[in-house]
Every structure is written in C-alpha cells, then in structure tokens.
Amino acid sequence: MLGIIGAMEIEVAELKKQMKNSNVTAVAGMDFFQGTLNGKEVVVVRSGIGKVNAAVCTQVLADRFQVSAIINTGIAGSLKKEINIGDIVLSTDTVQHDMDATGFGYPVGQIPQMKEFSFQADEKLRALAAECCLKVNPDIQVFQGRVVSGDQFVSDKVKKNWLTETFHGFCTEMEGAAIAQASYLNHIPFLIIRAISDKADDSATMDYSEFEEKAAKHSVNLILAIVQEYSC
Ligand code: ADE
C-alpha cells in the first residue's frame, strides 16, 4: 500500500475527494485516510508544515499502516533559473539545509554520526513518475535533482544563492528531507514530488499566493497517474 503525504490541505484535498471507501484514523493530530484511489489501496494524509510534522507522519505510516512506499506531493521554491513556476521536480536525493554541525567539522547539511550526507529516493518510483509526468503534464518541464528542506520559507536572493551554491539543490521546501530520512530509517522506498510555486527569491511570497493552487494541481495530477501504474 502506498502512503501519500502532503503538508497542506491544498496538496491532498483532491486526492481525498477522489478516494473511495475511505476510513479515517486520527493519530498524532493527523487524519489518515485509507481507501482506494484509481483502484489501488492508499493512505493519504496531511502532515502539517515543517520537518517535525513530516517525520512524525512518516513514522505513523510505517508503524500503523505498514506502507510499502511513500510519496510526498507538494509545492516548492525553485533554486534554478531554468526551473519555472508550474514545473515539477522529482527528488534524486534530499538534504536538510538547516542541519549545521560545522562547529564539529561536519559539512553543513550533514547529520552528525550518520554516514549518509543525503537520502536517496527510490529509482523505480522516480522513473515511473518521470514517465507519467510526460503523459499527464505535457505542457510543463519535469526535472530530476536534489530537494533541499528546512524549517524556513525561503524568500530572499542571498539565501537562495547560498542554497544553490552549497547544496546544488533544484528546489527548496519544508518537509521532503524529513520524510526521506524517516523513510530511510524504516527501510521504506520514497519519492518527493514538488511542483514549483515560486522562485524562492524576493518575489516568492507574492508568487506563492498566486500560484500555489495551480502548482499543487500539477503534483496531484501526477500522483493520480502514478497510483494507477504503481504495483507493490
Ligand atoms: N514551499 C513553496 N515555496 C517555498 C519556499 N520558497 N521556501 C520553502 N518552502 C516553500
């Protein structure tokens, strides 16, 4: 069974609407909707915003629902000139940009005493998502690259440039790396799918308000197609 996490209602509302026979289980202040989507068994949940909510949510999916894979749908700020509002980024891997133990000699982003610098998304899920995206969102570009996450809405050029130069990220958001790490710890394959709502610069807050809904729709379209093709 697939677990599907969105941080905000706008990112999961349509999925919940299209689900059949769903049962709701409330755990840790989150409602887990289990049922069928496009004929496949799934659990859809709104985690709430930020890394802690995302990690707790992932752990519940592992413990209570024994999901076979986790997909995170949502929106993000672009970190590259060529990645435009509306485009989609599929995670190759994820890093937490606000993890900083440089005082102990670790590179910024590195979690002390863990061997991984970044957490690798599942290649099969990523390939399936790339294929599906071309079919259901033919009018936009799909990129595959690193997603950088932190408990921060990035809305200035200096921070954006630092993220790009330091981590070579493709987009930034506030949950993906936490979902990735929690999935890794539970040996669950995962993929982060993010549609771009803004450029993470001085225009980010305005663009975000204007484009969040449209961007979220691209990600949801893609999820629906993946669910249809996915076999666990
Ligand atoms: N989600 C969407 N846009 C974002 C941004 N600029 N920073 C962090 N999270 C985001």
Side-chain angles (χ1 to χ4, degrees), residues 2 4-19 37-40 42 44 46 49 69-94 121-149 153-155 157 160 163-164 168-176 179-180 190-231:
L2 261 181
I4 301 169
I5 302 174
M8 300 184 295
E9 192 56 28
I10 195 177
E11 294 165 331
V12 288
E14 184 58 29
L15 297 175
K16 289 199 243 172
K17 212 165 108 188
Q18 295 204 22
M19 279 176 80
L37 187 64
N38 276 349
K40 301 275 173 61
V42 297
V44 175
R46 173 170 66 92
I49 294 168
I70 292 178
I71 298 182
N72 172 219
T73 170
I75 55 183
S78 168
L79 294 177
K80 276 179 167 277
K81 248 208 272 339
E82 62 271 32
I83 306 181
N84 297 315
I85 290 172
D87 288 346
I88 283 197
V89 176
L90 308 173
S91 64
T92 49
D93 62 333
T94 66
D122 184 69
E123 286 187 14
K124 273 198 218 130
L125 267 179
R126 182 155 55 88
L128 175 63
E131 198 186 300
C132 290
C133 200
L134 292 176
K135 280 189 211 148
V136 295
N137 291 317
D139 49 332
I140 59 165
Q141 305 182 90
V142 56
F143 294 87
Q144 302 185 34
R146 177 173 286 168
V147 174
V148 296
S149 314
F153 184 85
V154 178
S155 56
K157 234 200 267 171
K160 174 183 175 167
L163 290 176
T164 310
H168 311 290
F170 279 44
C171 68
T172 186
E173 38 78 301
M174 302 172 74
E175 296 84 21
I179 292 169
F190 74 88
L191 179 68
I192 313 301
I193 297 175
R194 293 284 173 159
I196 301 302
S197 56
D198 58 81
K199 296 277 194 147
D201 57 14
D202 309 328
S203 61
T205 324
M206 264 177 61
D207 284 346
Y208 178 92
S209 309
E210 189 176 343
F211 296 113
E212 62 170 337
E213 201 169 336
K214 188 175 155 212
K217 235 173 233 158
H218 288 163
S219 193
V220 165
N221 283 348
L222 178 51
I223 295 282
L224 290 169
I226 294 170
V227 168
Q228 191 153 16
E229 300 294 325
Y230 177 76
S231 54

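Throughout, residue positions are numbered sequentially from 1 according to the sequence presented. Computed from heavy atoms alone, side chains included, the values below leave out hydrogens, waters and symmetry copies.
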* Which is it for Leu2 and Val42 under the side-chain contact (heavy atoms from CB on, under 4.5 Å) test, yes or no, and what are the steps along the way? -> CA-CA 5 Å; Leu2 261 181; Val42 297; 4.1 Å; yes
Side-chain contact, heavy-atom cut-off 4.5 Å: [X] with [Y]?
X	Y	value
Glu9	Val12	yes
Ile193	Ile88	yes
Ile196	Phe211	no
Ile223	Ile71	yes
Glu175	Arg194	yes
Asp207	Ser197	no
Ile5	Glu11	no

Approximate separation, where rounding is to 0.5 Å, of [X] [atom1] and [Y] [atom2]:
X	Y	atom1	atom2	result
Asn221	Thr73	CG	OG1	9.5 Å
Ser219	Glu14	OG	CD	12.5 Å
Thr94	Phe190	OG1	CZ	5.0 Å
Asn137	Leu222	CG	CG	6.5 Å
Asp198	Ile85	CG	CD1	6.5 Å
Leu128	Ile226	CG	CD1	5.5 Å

Looking at [Y], is its backbone amide N or carbonyl O close enough to the side chain of [X] to form a donor-acceptor pair, meaning the two atoms are under 3.5 Å apart?
X	Y	result
Lys40	Val227	yes
Thr92	Gly145	yes
Gln141	Ile83	no
Lys160	Lys199	yes

Distance-minimising heavy-atom pair for [X] and [Y]:
X	Y	value
Leu79	Ala200	CD2-CB, 4.4 Å
Leu224	Asn38	O-ND2, 2.8 Å
Leu191	Ala121	CD1-CB, 4.1 Å
Asp87	Glu82	OD2-O, 3.9 Å
Glu212	Ile75	CB-CD1, 3.6 Å
Ile192	Gly176	CD1-O, 3.5 Å

* Asked: Going through the distances and angles, do Met19 and Val44 end up as a side-chain contact (heavy atoms from CB on, under 4.5 Å)?
  -> CA-CA 9 Å; Met19 279 176 80; Val44 175; 3.6 Å; yes
* Any Lys/Arg nitrogen of Asp201 or Lys157 sitting under 4.0 Å from an Asp/Glu carboxylate oxygen of the other? -> no
* Would one find more than 12 heavy atoms of other residues, nucleotides or ligands at under 6.0 Å from atom CD of Glu123? -> no
